[in-house]
Amino acid sequence: MTSSSRRRAGPVPLLSAGHACVDVYQGSIAALVPFFVAERAYPYAAAAGLVLAASLLSSVAQPLFGVLTDRWAMPWLLPVSTLAGGVGVALCGLTDQYALTLVVVAFSGLGVAAYHPEAARVARIAGRGSHTSMGWFSLGGNLGFATSPLLVSAVVATGGLAASPLLVLPAVAGALLSTAALRSMKRRTPPGAGAARVSPGRDDWTSFARLSGAIACRSVVFVGLGTFLALYAPERVGGGAAVGAAALFVLYLGGAVGTVAGGRLATRFGRLPVVRWSYALTVPAVAGIVFVPGPALFVFAAATSIGLSVPFSLHITLGQDYLPRRPGTASGVTLGLAVSVGGVAGPLIGALADSTSLHTALTPLIALPGLGWLVLRPLREPVRPEDRAGPVEG
């Protein structure tokens with residue numbers, strides 16, 4: 001790689017670190033669930049409703065922000081939305097009223113929704129369309145997920161929910177990192193580079209709809225486990241809240257491994273084969289979480305996380321390439337569905353757990369990656385705009 005290429009790739013680590021700071025707040029709501037159950041005596045369905053509050057607004061707002069970023073570049077959204085995500089979570093422990101807690105959690109979800117479409121557009125420009133660069137950008141988000149249960153446990157287990165204002169600190173760091181990345185890109189990008197807002201090619205809505213359906217299946221599994229694994233793990237392994245936090249950490253940390261591997265595997269084998277195999281291999285991994293007792297649960301949690309996260313960055317670039325004229329819309333849907341659909345399903349899983357057991361409620365999750373694999377089978381690899389312009393270093 002030439003020195004010029006290294007200079008152009010410079011903003012990617014900053015964007016990845018900023019992404020980590022934002023996605024701390026996607027993982028924080030699920031990590032706070034056991035504390036809301038213990039401190040405020042919320043039933044499972046009510047606790048899952050907090051996850052829904054953060055994700056439901058994202059399900060509507062994130063594609064809308066994507067449409068806006070297809071029309072206008074809005075890089076200022078990165079630091080502003082990062083701060084909004086942090087402020088909402090910081091306020092959630094300061095009120096005993098469930099309705100107000102829902103409102104501030106939803107505000108955090110709005111901030112997260114505003115961030116992702118524009119950030120994905122900027123990251124693709126910064127990485128020049130490289131699968132590996134997008135994988136590193138997505139890795140930041142997975143690391144944010146992974147550290148959120150540890151951060152929440154360190155703050156809330158020590159000071160209770162009243163200590164939640166301390167959780168705003170990652171947002172402050174993320175806003176500074178995003179600003180630095182944007183300044184770096186402005187210095188390093190030649191005038192007019194990336195100015196064209198419409199890529200050549202025709203939008204393939206049928207393939208994009210199939211991809212979105214598969215992402216929805218993945219979403220329900222990931223968010224369902226993210227919401228309830230911290231409560232389910234002590235039942236299967238023994239121990240208390242520390243075991244649940246450790247299981248959630250493993251679930252999120254495995255995503256970091258899978259995301260980096262996904263970009264590298266796609267460069268060698270192609271995106272769709274890697275995505276299909278990931279979905280297929282996730283089925284037995286989820287079955288292990290549900291049915292295998294004891295410490296082996298941690299192994300299956302890691303395998304599930306890797307299987308669900310290998311396709312993560314590939315979903316983004318596939319969606320952008322199926323809708324080459326609407327990359328912001330594509331990013332808004334693919335990234336929005338990654339949390340919103342699962343959040344909508346969360347209260348249903350919680351209600352089933354309240355009436356039966358967590359074991360029974362989590363069992364249907366086993367089939368969903370298999371359904372995603374079936375939906376993906378007819379898809380063909382789209383032609384990438386970067387391939388029309390020439391080869392891109394992976």
Side-chain angles (χ1 to χ4, degrees), residues 66 120-121 123-124 127-139 141-142 199-222 254-255 257-286 303-327 329-338 341 367-394:
R121 183 190 70 83
R124 182 153 183 163
R128 301 171 57 239
S130 165
H131 296 318
T132 302
S133 292
M134 187 61 78
W136 283 111
F137 169 72
S138 300
L139 169 65
N142 281 281
S199 300
R202 179 177 299 177
D203 292 336
D204 183 353
W205 286 100
T206 300
S207 296
F208 182 75
R210 283 188 169 273
L211 176 68
S212 299
I215 295 172
C217 293
R218 173 206 178 274
S219 169
V220 174
V221 178
F222 189 81
V257 177
T259 300
V260 173
R264 296 184 178 278
L265 290 171
T267 300
R268 182 172 181 180
F269 299 108
R271 288 177 291 183
L272 283 174
V274 171
V275 171
R276 291 190 189 106
W277 275 107
S278 298
Y279 275 74
L281 294 174
T282 301
V283 174
V286 178
T304 296
S305 180
I306 292 172
L308 293 174
S309 299
V310 161
F312 186 76
S313 65
L314 308 181
H315 289 153
I316 301 171
T317 59
L318 280 168
Q320 291 172 335
D321 292 339
Y322 283 131
L323 301 184
R325 297 180 181 273
R326 297 172 175 83
T329 301
S331 300
V333 173
T334 53
L335 288 167
L337 283 174
V341 174
L368 289 176
L371 178 60
W373 176 81
L374 289 173
V375 171
L376 289 167
R377 284 194 66 190
L379 291 184
R380 294 184 178 182
E381 185 75 24
V383 177
R384 308 176 71 230
E386 293 84 3
D387 293 337
R388 296 188 184 96
V392 174
E393 295 183 52

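Residues take their numbers from the sequence shown, with the count starting at 1.
With a 4.5 Å cut-off on side-chain heavy atoms, S212 and H315 do not count as touching. Put simply, the side chain of S313 does not reach to within 4.5 Å of the side chain of F137, judged on heavy atoms. The shortest side-chain heavy-atom distance between L272 and L318 falls under the 4.5 Å cut-off. The side-chain heavy atoms of D204 and P382, taken from C-beta on, include no pair separated by under 4.5 Å.
With sequence neighbours left out, the side chain to side chain donor-acceptor pair (under 3.5 Å) criterion links S305 to no other residue. Every residue two or more places apart in sequence or in another chain was checked for a side chain to side chain donor-acceptor pair (under 3.5 Å) with Y322, and none qualifies. For T282, the side chain to side chain donor-acceptor pair (under 3.5 Å) criterion is met by no residue, not counting sequence neighbours.
Considering every non-hydrogen atom in both T304 and V286, the closest pair reads OG1-N, 3.4 Å. Of all heavy-atom pairs spanning R276 and W373, the tightest one is O-CD1, 3.2 Å. Nearest heavy atoms, A280 versus P284: O-CD, 3.5 Å. Considering all non-hydrogen atoms of both residues, G370 and V283 come closest at N-CG2, 3.4 Å. Considering every non-hydrogen atom in both A120 and I316, the closest pair reads CB-CG2, 4.3 Å.
The CH2 atom of W277 sits 13.5 Å away from atom CG of L376, with the distance rounded to the nearest 0.5 Å. Between R210 atom CZ and I215 atom CD1 the span is 14.0 Å, to the nearest 0.5 Å. Distance OH/Y279 to CG/L308: 8.0 Å, rounded to 0.5 Å.
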- Criterion side chain to side chain contact (heavy atoms under 4.5 Å, CB included) on E381 and S207, from CA distance to verdict: CA-CA 10 Å; E381 185 75 24; S207 296; over 6 Å; no

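A salt bridge (charged side-chain N to carboxylate O under 4.0 Å, His left out) with D321 is found for one member of R202, R271, R326 and no other, namely R271.
A donor-acceptor pair under 3.5 Å links the side-chain atoms of S278 to the main chain of V274, judged by distance alone.
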